[in-house]
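Both counts, for ligands and for their atoms, begin at 1 and track the order of listing.
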Amino acid sequence: MTAQNNQVFAPGSTIGIIGGGQLGRMSAMAAAKLGYRVHILNPAATSPAIEVSASATVGFYDDPVALEDFASRCDVVTFEFENISVEGLSLLEKRRPVRPGGEILRISQDRVLEKTRLAQAGVELAPWKEVSGPADLSAVGELGFPLILKTTRFGYDGKGQFRVENAEALSALTDLPYPLVAEKMIDFQRELSVMVVRGSDGTVRCFDAVENRHRDGILDITLAPARVMPEVAERAQAIAMRIATDLGLVGIMGVEMFHAADGQLLVNEIAPRPHNSGHWTMDACLIDQFEMHIRAVAGLPLPPARRHSDAVMHNLVGPEDMARVPAILATDGASLHLYGKHEARPGRKMGHVNTLFPRGALPGELALEGLLPPRG
Ligand SMILES: Nc1ncnc2c1ncn2[C@@H]1O[C@H](COP(=O)(O)OP(=O)(O)O)[C@@H](O)[C@H]1O
Ligand SMILES: [Mg+2]
């Protein structure tokens with residue numbers, strides 16, 4: 001692109017964030033810590049990020065007038081929401097540096113592009129096939145069962161996914177929301193993720209690999225570090241760093257992986273933004289994922305991604321978990337983060353809790369159960 005690629009934006013500059021959710025909120029708080037102003041683009045006038053930012057443009061992500069107004073009010077642009085349209089993104093890129101750049105965003109929006117590009121980067125994936133319409137469906141059985149169909153775009157928290165147990169179930173499927181990808185279901189030992197950050201000068205830093213457990217398709221718990229052999233953790237980090245370098249990332253990225261039963265590490269998906277599985281860094285690292293992201297976007301130095309403690313992160317989801325907040329507030333050692341969402345709908349991420357332990361002293365499975373007050 002242009003020489004603007006290495007531009008440094010000193011504290012006092014305005015960082016524009018596309019999207020007004022909790023990732024934007026925590027990014028904005030990290031930016032404020034370093035003396036930046038944050039300007040948000042969001043369709044609604046109130047949102048978790050707007051409440052902690054200097055200013056906002058209220059408008060849709062593909063509205064040229066809103067995008068123009070947004071761009072005119074910031075020095076550099078980043079995002080917490082990946083699904084801005086290609087046209088919208090091109091418009092912004094003409095006006096301001098966008099970090100990370102457009103190519104990586106386009107890849108992460110589309111599972112087919114993503115898998116194709118990751119394979120080019122030499123990364124191993126779960127066996128997969130493109131399913132652009134009903135005619136492609138019969139061939140997916142070649143992957144073996146069980147398999148999983150996923151919409152190529154706009155999936156999150158397990159939405160837009162269909163598990164298929166056998167050939168009969170496959171042939172019984174109708175009215176699917178094409179285009180899809182089919183993936184073989186991986187028999188994994190655990191799910192891992194790595195947060196990796198890359199600066200515009202090419203510096204790459206990587207947080208420790210962590211283990212993620214899901215509940216109803218939504219991240220429930222992160223264990224930091226992952227309880228794996230050092231060799232596995234290093235391999236996971238090497239994969240994340242390879243992707244960051246290969247894609248020319250500027251900013252932070254979450255890389256989700258399956259640690260398969262046979263020991264292989266298969267990349268599931270990438271998210272070129274702060275990620276829920278990096279929230280543990282807010283309490284267990286001096287410089288957390290959000291500050292790393294802001295530093296990279298602003299062109300500031302990236303210190304090593306050091307972890308001073310082990311941590312367990314619990315997500316708080318929906319009204320059920322919000323009912324636990326008074327008890328969590330009274331729990332010794334629980335660091336509570338709430339996103340300021342006014343309505344606790346089922347399945348909605350409302351906040352998270354970090355609990356710290358000395359390095360090497362993560363609790364065992366039974367103690368893990370008892371860390372927080374139980375669900376009612
Ligand atoms: N190929 C697969 N094999 C086994 N489990 C899978 C596979 N794909 C997805 N899953 C499970 O579903 C979860 C959500 O899928 P993912 O592709 O990460 O979609 P989302 O965009 O909703 O996060 C994963 O974290 C994992 O638990
Ligand atoms: Mg995922």
Between [Y] and [X], is there a salt bridge with N-O shorter than 4.0 Å?
{"X": "R375", "Y": "D321", "result": "yes"}
{"X": "R111", "Y": "E183", "result": "no"}
{"X": "E165", "Y": "R163", "result": "no"}

Query raised in the report: Quick one: are L173 and L149 in side-chain contact, heavy atoms under 4.5 Å?
Result: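 Side chain of L173 against side chain of L149, heavy atoms only: contact under 4.5 Å found.
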Report task. Examine ligand 1 and decide if any of its atoms is less than 4.0 Å from a heavy atom belonging to G217. Result ->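 Outside the 4.0 Å threshold, so no.
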Note the single closest protein heavy atom to [atom], along with its residue, its atom name and the distance in Å.
{"atom": "atom 22 (O) of ligand 1", "answer": "G158 N, 2.5 Å"}
{"atom": "atom 24 (C) of ligand 1", "answer": "E191 OE1, 3.4 Å"}
{"atom": "atom 6 (C) of ligand 1", "answer": "F258 CZ, 3.5 Å"}
{"atom": "atom 5 (N) of ligand 1", "answer": "F188 CE2, 3.6 Å"}
{"atom": "atom 15 (O) of ligand 1", "answer": "Q161 NE2, 3.0 Å"}
{"atom": "atom 4 (C) of ligand 1", "answer": "I186 N, 3.4 Å"}
{"atom": "atom 20 (P) of ligand 1", "answer": "E269 OE2, 3.3 Å"}

Query - Atoms in ligand 1 flagged as close to G155, the criterion being non-hydrogen separation under 4.0 Å - result: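 With G155 as reference, the close atoms of ligand 1 come out as 21 (O).
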**Report entry** Main-chain N/O of P48 paired to K341 side chain as donor or acceptor, under 3.5 Å
**Finding:**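 Not a single qualifying donor-acceptor pair exists.
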Report task. Could you point out which residue of R153, Q109, R106, R273 forms a side-chain hydrogen bond (donor to acceptor under 3.5 Å, both in side chains) with E82? Result ->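 Among R153, Q109, R106, R273, the one that satisfies the side-chain hydrogen bond (donor to acceptor under 3.5 Å, both in side chains) with E82 is R273.
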Query raised in the report: Nearest non-hydrogen atom to atom 9 (C) of ligand 1 belongs to which of E183, R111, K150?
Result: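 Ranked by closest heavy atom to atom 9 (C) of ligand 1, first place is K150.
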Report task. Measure from atom 11 (C) of ligand 1 to every heavy atom in H214, M185, K159, R163 and give the option owning the shortest one. Result ->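 The option holding the nearest heavy atom is R163.
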Query raised in the report: Checking only N/O/S atoms, does E256 have one that is under 2.8 Å from the Mg ion (ligand 2)?
Result: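 Yes, within the cut-off.
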Query raised in the report: Less than 4.0 Å between atom 13 (C) of ligand 1 and some protein heavy atom, yes or no?
Result: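 No; the ligand atom in question lacks any protein heavy-atom contact below 4.0 Å.
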Query raised in the report: Once the angle between the rings of F81 and Y61 is folded into 0 to 90°, is it parallel (under 30°), tilted (30 to 60°) or perpendicular (over 60°)?
Result: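 Ring orientation of F81 relative to Y61: parallel.
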